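Let me begin by presenting the structure, written as structure tokens, before commenting on it.
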Amino acid sequence: MSFIALFFPACISLVIRHKRNDRLEWGVPESIIEYAILVLINVLVSQCIVIYVLGIDGVDMSAFQSFPFFTKYLVISMTIAWLTPYLEEIGRKYISVSFKVESSKDFQDNTEQN
């Protein structure tokens with residue numbers, strides 16, 4: 001059950017992400033790296049919700065053997081997995097970072113003029 005709870009929800013994120021973005025290809029190395037990143041994001045956010053929001057301490061692999069905890073974690077994790085591609089798309093659309101690179105000659109000319 002722990003394998004399902006930890007690794008299955010990232011498949012949901014991966015499929016949604018590829019369905020919404022036609023430019024992404026299903027190449028093996030790219031998909032494995034993308035899947036691994038989605039697993040890390042999903043598990044980290046789900047664990048934070050379980051520990052800090054629900055207040056359940058001492059969560060380890062044996063906790064997944066309890067069906068009530070497994071069900072709660074799976075619902076939380078699948079919700080996070082469903083939201084992750086949409087939040088990424090919103091972030092890419094509205095948040096951008098740009099850099100301006102000048103050569104050392106341009107930098108010297110600008111400082112000499114000031």
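Note that the structure is a prediction, hence the values are computed from the model and not measured. Heavy-atom basis, side chains included; hydrogens, waters and symmetry copies ignored.
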Between [X] and [Y], is any pair of side-chain heavy atoms under 4.5 Å apart?
X: Val43; Y: Phe7; value: no
X: Val53; Y: Ile76; value: no
X: Arg17; Y: Ile12; value: no
X: Phe70; Y: Gln65; value: no
X: Cys11; Y: Tyr35; value: yes
X: Leu38; Y: Thr84; value: yes
X: Phe69; Y: Val59; value: yes

Under a 4.5 Å side-chain heavy-atom rule over Ile, Leu, Val, Met, Phe, Trp and Tyr, are [X] and [Y] clustered together?
X: Ile37; Y: Val28; answer: no
X: Val75; Y: Phe67; answer: no
X: Leu54; Y: Ile80; answer: yes
X: Leu40; Y: Leu6; answer: no
X: Leu74; Y: Trp82; answer: yes

Practice prompt. Check Ala5 against Ser77 and note the closest heavy-atom contact, atom names and distance.
Written response: O-OG, 3.8 Å

Discussion item. Looking at every non-hydrogen atom in both residues, tell me the closest pair between Ala81 and Ser13 and how far apart they are.
Written reply: O-OG, 2.6 Å

Discussion item. Nearest 0.5 angstrom please: Met78 CE to Leu83 CG, how far?
Written reply: 12.0 Å

Item to complete: Would you give the length of the straight line joining atom CD of Glu88 to atom CD1 of Ile41, rounded to the nearest 0.5 angstrom?
Response: 7.5 Å

Worksheet entry | Steps toward side-chain contact (heavy atoms from CB on, under 4.5 Å) verdict (Thr71, Tyr73) | CA-CA 5 Å; Thr71 306; Tyr73 185 86; over 6 Å; no

Worksheet item: Looking at Val50, Asn42, Ile49, which hits side-chain contact (heavy atoms from CB on, under 4.5 Å) with Ser46?
Response: Asn42

Discussion item. With a 4.0 Å cut-off on N to O distance, would you call Lys93 and Glu89 a salt bridge?
Written reply: no

